[in-house]
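Comments concern the structure below.
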Amino acid sequence: MASTGDLEPTHYPARRAAQVALHYLNTHHGSPFRVFGLQQVHKASAEDVEAGGRKYKLDFSVTDWASGSAGPALRCSADVLFPRTERHSAPDVKLRCEALQQINRTAQEEEAFYQKHITPDSAVSARDIPDSYGNMSEEMQPFWRLARVAASFIMLRESSENTEFNMAQVASVTQQESSEEQLMLEFVVLLHDLPSQEIVQWKLLASWSPDRGVRVLQTEWQPRCPHATKPPN
Amino acid sequence: MTLARKFNSSKMKGLLVLTALFVAVFGKKTFEGDQLLQITAKDEAQISLLKELSEQEHLGLDFWREPVHESLPVDVRVPFHSLQAVRAFLGYNQIQYNVMIMDVQDLLDDEQREMVKYRSFPRSTDDFVYTTYHDLNSINSFIDMLVAENSNLVSKIVIGQSYENRPLNVLKFSTGANRPGIWIDTGIHSREWVTQASGIWFAKKIVTDYGRDPVLTDILSNYDIFLEIVTNPDGFAYTHSNDRMWRKTRKPNSGSSCVGVDPNRNWDAGFGGAGSSSNPCTETYRGPSAHSEPEVKAIVDFVKSHGKLKAFVSIHNYSQMLLYPYGYTSTPAMDQAELHELARRAVTALQSLYSTRYTYGSIITTIYQASGGTIDWTYNQGIKYSYTFELRDTGRYGFLLPADQIVPTAEETWLALMAIMEHTRNNPY
């Protein structure tokens, strides 16, 4: 279904490439108080490149989910290159967003959150965020956002032209012992891929501090056995 | 958190009110006109005055927090008959106070109503809570109540049984015999909970607006509406009992330990082609043959025997899209131009309510290639106005959409459905 040249901005080829750019944006600028979501693709085009990949040029707008409906839209442009290699390799993204530097209103919240949980007796542990009914406590919101940002590292790495990932749920978060003044969090996340409709489970270890941002230290794909019959009791 | 702030939290208030309710139940009192005052004494002298006040038995004051020290607020329920005297006393002595509860009985009545609402068994569809997700039993009760309350307009048809022998219930809204029909289904993919929840809301909306909204009343004077709220009941029960993310049916697959077929890849339209899977352990497994799933076959049989359905809408989430055929081929549908224009109008109507951004187009160009899909089959059967919705959101919460978005989602979607139904009614074929 690949077409070269201008792409319909509302159709999936442009949208999938834009989501990849979003994952990249979140890995670089996401925090417990900032997660970007795609608002709209304005313009898109694609062309095959010499090395055997496909490069998308995108013009799109994003919003910060943490600022609710009050938040302004940010205009971004990106080049997203999907390589065509034998084995899957991560897409390459070059991204520019206007006014990124200006959004530092979250510094206070980040510092307060960091101070609260860097103490040795902080031992956050929770499951199913949000729960089946879409409920999430306010206390858990920054942890959900952290998981979403950390998951973006995986989603970015695993993306191709045939995938469209979102984070379906945080199955669990378990705080580990802080290290080098970084919050250390072990997450199990459920990712949802739209085209295949598969739910994929990943365990990951992430660190965060206001200075260093989010880093993902370990990732481990985990099998789910949902398609199997229930084991006899 | 100071004591005052703690009390001000509605949870705390609720607790105290419930205590008062128990008192009311046991003491058979009523609290009409009674007010709850929070008094802030500024010094020892004012505390003494308040202690004296508390000893005036004829006033019938009920201290929830006694006067102890000027740093601690005093909460007192003042019976209606004593209000004037007490407020005069406080005013004369320049003792500061706030009215925390204007009418204690009102608050108790509200609490009663809330408690009744959240009871397991609402007594009517007016009692039913539309702002929360329900389980299968609750939805089936709702269906029966709706029919009982509106028996001149609504009936229940059982079009078949699921694999695990659950009834496949369809609500029929009809004002006369031998009419052409409009079909709406929700919950064919069980994890898409906002769709079943919206289906419940649509059902109530139809009975509420019939006879009040001229457009809907006119539609129902010419067409029947069929609504299947839980199109995949086995899967739905499984999302409650075992796996919130279950999508497919629950029929075992021979030769495999993996269960279930994707009911939206099981239809006889491009069946077996690209855009569905042959592996039973995948979410888009097409099944051993077209219409192999009883949940699908029941609808197929219904559509064929009815013979006069003119619009067919199958509702999913998420992605915020309104889609028309085809999913299995890039060949445009014969009526593409009209379907595209109607989709544009339906989306415009939807967006007018909460500015929710929707995209629209054919399945294969807009979302992904999918073979064996519902509306490809219905369209090929001659049901021209065949549409699929993908409701809120665009991936932030996805399947786990917060319950407070159920009603806004249903409300905006209804506007799009009305646009489609109205166009169907105005363009008979």
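Lettering follows sequence order; numbering is per chain, from 1.
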Measuring heavy-atom distances to chain B, does A:Asp131 have an atom under 4.5 Å in its side chain, in its backbone, in both, or in neither? backbone
Tell me whether A:Lys55 at atom NZ has more than 12 heavy atoms from other residues, nucleotides or ligands lying less than 6.0 Å away. no
So for B:Tyr133, is it side chain, backbone, both, or neither that comes closer than 4.5 Å to the heavy atoms of chain A? both
Starting at OG1 of A:Thr10, measure out to CZ of B:Arg357 and round the result to the nearest 0.5 Å. 12.0 Å
Which of B:His189, B:Arg191, B:Lys248 passes side-chain contact (heavy atoms from CB on, under 4.5 Å) with A:Gln197? It is B:Arg191
Give, as side chain, backbone, both or neither, the part of A:Ser132 having an atom under 4.5 angstrom from any heavy atom of chain B. both
Distance (rounded to the nearest 0.5 Å) between B:Leu400 CG and A:Ile129 CD1: 11.5 Å
Taking A:Glu198 for the side chain and B:Thr282 for the main chain, is one N or O donor matched with an acceptor at less than 3.5 Å? no
Which residue out of B:Arg247, B:His240, B:Arg244, B:Arg396 racks up the most heavy-atom pairs below 4.5 Å with chain A? B:Arg396
Sort B:Ser319 into side chain, backbone, both or neither according to what part of it lies under 4.5 angstrom from a heavy atom of chain A. side chain
Please examine the side chains of B:Phe399 and A:His192, heavy atoms only from C-beta on, and report whether any two atoms are closer than 4.5 Å. yes
Heavy atoms of B:Met245 and A:Ile199 approach each other most closely as SD-CD1, 4.0 Å
Most contact-rich option vs chain A, by heavy-atom pairs under 4.5 angstrom, among B:Tyr397, B:Tyr318, B:Tyr360, is B:Tyr318
Side chains of residues 133-149 of chain A: which donor-acceptor pairs under 3.5 Å do they make with residues two or more places apart or in other chains?
{"from": "A:Ser137", "atom 1": "OG", "to": "A:Met140", "atom 2": "N", "distance (Å)": "3.3"}
{"from": "A:Arg145", "atom 1": "NH1", "to": "A:Pro32", "atom 2": "O", "distance (Å)": "2.6"}
{"from": "A:Arg148", "atom 1": "NH1", "to": "A:Ser152", "atom 2": "OG", "distance (Å)": "3.1"}

Most heavy-atom pairs under 4.5 Å with chain B, out of A:Glu8, A:Gln19, A:Gln40, belong to A:Gln40
With rounding to the nearest 0.5 Å, note down the distance linking CG in B:Asp243 to CZ in A:Arg224. 5.0 Å
Between OG1 on residue B:Thr394 and CG on residue A:Leu38, distance to nearest 0.5 Å: 7.0 Å
Per the salt bridge (charged side-chain N to carboxylate O under 4.0 Å, His left out) rule, what does the pair list look like for residues 404-413 of chain B, sequence neighbours excluded? B:Arg392-B:Glu412
Out of curiosity, A:Tyr12 OH to B:Ile363 CD1, how far, rounded to the nearest 0.5 Å? 12.5 Å
What option among B:Asn253, B:Thr366, B:Val194 has the most heavy-atom pairs under 4.5 Å with chain A? B:Thr366
